[in-house]
Participant: 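Quick one: structure below, then a few questions.
Model, not experiment: these values are computed from the prediction.
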Amino acid sequence: MKIVKKIVLSCMCMTAFAAFVSCSSDVEETEALSVDQTVEYSDADLTNIIISDAQPTILTDNDYTVEEFADMIFGVDGANGSTDAASEKAQFIENEKRKTDSIANVLGQNGITKYFHKTTYTYPSVDENGDVIYLSALVAWGYWKGIFKSYELDQDNMVLYCPYTHTLNSECATVSGGGNELKLLTEETLMIMPDYEGFGATNGRDQVYLNHGLCARQIVDALAPGLKIFTNNKGSFEKDYKFVIMGASQGGANSMATLKYMENTYETKNGLTKNLADWYGLDHVDVCCGPYSPATTMEKYYEWGKVSFPVAFPLVIKSMLICYPDIMSGVDESDFYSASYLAHKSEFDSIFKNKTKSVDDINELMIKYCATAAHLKETDEELYIEDFMSVAGRNANSEINQKLMKCLKLNELTSGWIPMHKVDFYVSEGDKVVPYENSVKMIELCNKYNKVIDIDYSTIGTSHTASCAKWMVKKFTLHNI
């Protein structure tokens, strides 16, 4: 971390479509210096890693003091997150004050203040039909500013964060402003956080849930425009900066899909051809409890006969219908559901379309509307598949399920490619939302090519949500990336 002085008189202010790389298991495995006082340093040359001409359109552009930033992460009263969030918030503010005082002493300057900068923007990508779509994302970083000068820090890290499953628009990065993930900004980390299709600027569209290849493409397309915003604000990286892709749950699977996409998509600039992972200097991927094998996930659900995450079924079915119309030809969404679900389908359709309820809210509604009296007495946290799925919908050998499984197998990440970068795994053996078999298969593939950094086994038991929360504490609160 090196300090750079830059004169600032006021506040800081791929359209080249790569071929889609199939995730099918049938694929054969193949191997800015300022004009005044400057501390000498060596930056990464960002002009060399930004290989896309895609331009961002700014939605919001704001600076926040340490106190304002702490309010966003911990809540105004410090009540967000853990039970000791208030003391964590106070410690956070104290640590940032201590670092600011240290910077001031090094520079011999008074009146230096720490700020966190956040910009939301739209950028061009492609949708499930291959048409141009303008998705939204957030880019954020920290810096110090004096009365007449901005005291920049070269960022040590860049994180491309893939969100977990959510169904409420207010939970996406550009609307919520980001959450615990932004704690990494205190460690000189640039964060780029894309919204999934259907959220933020594209709210009202259907999600392309578990279409790993398309999600990966859309996520990667956020990188270059986000970096352009950063460099336009005089941002820079250390020459040996670390670039990490990370995510939990759906974000874990999309992180692996993003790795696969970047390793297999090549671009040429100034006569030099490299894959995207090499262009951007990817270090490793950090994942937690992801559905790396969507087909395996659904097979385990049917085997169990009841699920604690029934919302996955309509999310998956809707997505496969819009993403693979040829394969799903002749299939209507209603074919999958029981009479009790169909009686409320219009309500659920509106919720999914407009993103007005959380995952937990939808799970509870499905149990309320669909659970039989006998089954409801057994549990109020899981829903029997027979209560909300039709006979054909829950029959693995039915024509509609065979078509659905064919779509899901096109998004298999646990075979059909060779990972070239290291992966750090966090897994939950008793997970009832994303079956443990997903992690077993993904780890086996990465181990085959000696690409496993570490495997951390959750001690939370069967709770998927709690395991992901523990991973987030490890990564974002303890800054372990």
Side-chain angles (χ1 to χ4, degrees), residues 59 120 122-138 162-176 193-212 214-215 217-219 249-251 253-254 291 294 298 307 309-325 327-329 331-370 383 388-390 393 400 403-404 407-408 411 433:
L59 300 176
T120 60
T122 60
Y123 63 94
S125 187
V126 295
D127 67 7
E128 59 277 6
N129 300 312
D131 297 326
V132 175
I133 183 174
Y134 288 87
L135 301 167
S136 47
L138 179 150
C162 304
Y164 50 80
T165 298
H166 52 273
T167 55
L168 193 62
N169 191 54
S170 61
E171 293 179 325
C172 73
T174 62
V175 179
S176 70
M193 304 170 64
D195 295 334
Y196 290 136
E197 181 178 342
F199 294 91
T202 59
N203 185 28
R205 294 178 65 105
D206 289 314
Q207 293 193 55
V208 289
Y209 190 68
L210 298 192
N211 185 331
H212 293 327
L214 179 57
C215 286
R217 164 65 190 273
Q218 294 176 341
I219 289 165
S249 193
Q250 181 189 3
N254 280 335
M298 297 301 285
V307 290
F309 199 67
V311 66
F313 284 80
L315 284 175
V316 167
I317 293 167
K318 287 176 181 294
S319 175
M320 298 303 108
L321 281 166
I322 67 169
C323 292
Y324 304 102
I327 296 175
M328 298 296 285
S329 177
V331 178
D332 188 87
E333 185 185 355
S334 297
D335 296 340
F336 286 93
Y337 301 124
S338 68
S340 58
Y341 184 91
L342 291 175
H344 301 277
K345 186 175 181 299
S346 60
E347 179 181 352
F348 284 120
D349 287 348
S350 176
I351 290 170
F352 285 121
K353 193 76 163 180
N354 299 306
K355 317 298 186 304
T356 54
K357 289 189 180 295
S358 70
V359 164
D360 289 341
D361 290 338
I362 297 172
N363 285 332
E364 290 174 4
L365 271 182
M366 290 182 69
I367 291 173
K368 175 184 176 181
Y369 291 154
C370 301
L383 183 61
F388 69 96
M389 297 289 280
S390 67
I400 62 173
K403 290 184 175 183
L404 182 66
C407 297
L408 294 177
N411 294 282
V433 173

Participant: For a side-chain contact (heavy atoms from CB on, under 4.5 Å) check, start with the C-alpha distance between Phe352 and Leu315, then their side-chain angles and the critical distance, and finish with the verdict.
Facilitator: CA-CA 8 Å; Phe352 285 121; Leu315 284 175; 3.8 Å; yes

Participant: Is any side-chain heavy atom of Met320 closer than 4.5 Å to one of Lys403?
Facilitator: no

Participant: If you compare all heavy atoms of Val208 against all heavy atoms of Cys215, which two are closest, and at what distance to 0.1 Å?
Facilitator: O-SG, 3.5 Å

Participant: If you round to the nearest 0.5 Å, how far is CE of Met366 from CG of Asp361?
Facilitator: 13.5 Å

Participant: Before giving the answer on side-chain contact (heavy atoms from CB on, under 4.5 Å), spell out for Val359 and Tyr164 the whole-Å C-alpha distance, their side-chain angles and the decisive distance to 0.1 Å.
Facilitator: CA-CA 11 Å; Val359 164; Tyr164 50 80; over 6 Å; no

Participant: Is there a side-chain contact between Pro314 and Phe348 (heavy atoms, below 4.5 Å)?
Facilitator: no

Participant: Are any of the side-chain heavy atoms of Leu342 and Ser334 separated by less than 4.5 Å?
Facilitator: yes

Participant: Tell me which one of Asn211, Leu210, Leu404 satisfies side-chain contact (heavy atoms from CB on, under 4.5 Å) with Pro294.
Facilitator: Leu210

Participant: Applying ring pair (Phe, Tyr, Trp, His ring centres under 6.0 Å), can you list everything that pairs with Tyr337, at least two apart in sequence or on another chain?
Facilitator: Tyr341

Participant: So do the side chains of Ile351 and Leu365 get within less than 4.5 Å of each other, counting heavy atoms only?
Facilitator: yes

Participant: Do Lys357 and Val311 come close enough that some side-chain heavy atom pair is under 4.5 Å?
Facilitator: no

Participant: With sequence neighbours left out, what residues match Phe199 under ring pair (Phe, Tyr, Trp, His ring centres under 6.0 Å)?
Facilitator: His166

Participant: Looking at OG of Ser350 and NE2 of His344, how far apart are the two atoms once the value is rounded to the nearest 0.5 Å?
Facilitator: 14.5 Å

Participant: Would you call Lys318 and Tyr209 a side-chain contact if the rule is heavy atoms closer than 4.5 Å?
Facilitator: no

Participant: Examine distances only and state if a side-chain atom of Lys345 and a backbone atom of Ala339 form a donor-acceptor pair shorter than 3.5 Å.
Facilitator: no

Participant: After noting the C-alpha distance and the side-chain angles of Leu214 and Val126, does the key distance pass the side-chain contact (heavy atoms from CB on, under 4.5 Å) rule?
Facilitator: CA-CA 8 Å; Leu214 179 57; Val126 295; 4.2 Å; yes

Participant: A side-chain contact here means heavy atoms from C-beta on lying under 4.5 Å apart; do Asp206 and Glu128 qualify?
Facilitator: no

Participant: Does any non-hydrogen side-chain atom of Leu408 lie less than 4.5 Å from one of Val316?
Facilitator: yes

Participant: Distance from Ile322 atom CD1 to Glu197 atom CD, nearest 0.5 Å?
Facilitator: 6.5 Å

Participant: Thr202 side chain to Leu135 main-chain N or O, any donor-acceptor pair under 3.5 Å?
Facilitator: no

Participant: Between Asn169 (side chain) and Gly200 (backbone), is there a donor-acceptor pair under 3.5 Å?
Facilitator: yes

Participant: Can you establish whether the number of heavy atoms outside Lys368 located under 6.0 Å from its atom NZ is more than 12?
Facilitator: no

Participant: Any chance you could lay out the side-chain contact (heavy atoms from CB on, under 4.5 Å) test for Ile317 and Met389, step after step, and finish with the verdict?
Facilitator: CA-CA 12 Å; Ile317 293 167; Met389 297 289 280; 4.2 Å; yes

Participant: What is the distance from atom CD of Gln218 to atom SG of Cys162, rounded to the nearest 0.5 Å?
Facilitator: 11.5 Å

Participant: Between atom OG of Ser170 and atom NZ of Lys355, what is the distance when rounded to the nearest 0.5 Å?
Facilitator: 12.0 Å

Participant: Distance check, rounded to the nearest 0.5 Å: Asp195 atom CG versus Glu171 atom CD?
Facilitator: 12.0 Å

Participant: So, the side chain of Ser390 versus the backbone of Asp335: is there a donor-acceptor pair under 3.5 Å, distance only?
Facilitator: yes

Participant: Could you tell me which residues satisfy ring pair (Phe, Tyr, Trp, His ring centres under 6.0 Å) with Phe388, sequence neighbours excluded, listed by chain and number?
Facilitator: Phe313

Participant: Please check: side-chain N/O of Tyr196 versus main-chain N/O of Pro163, any donor-acceptor pairing under 3.5 Å?
Facilitator: yes

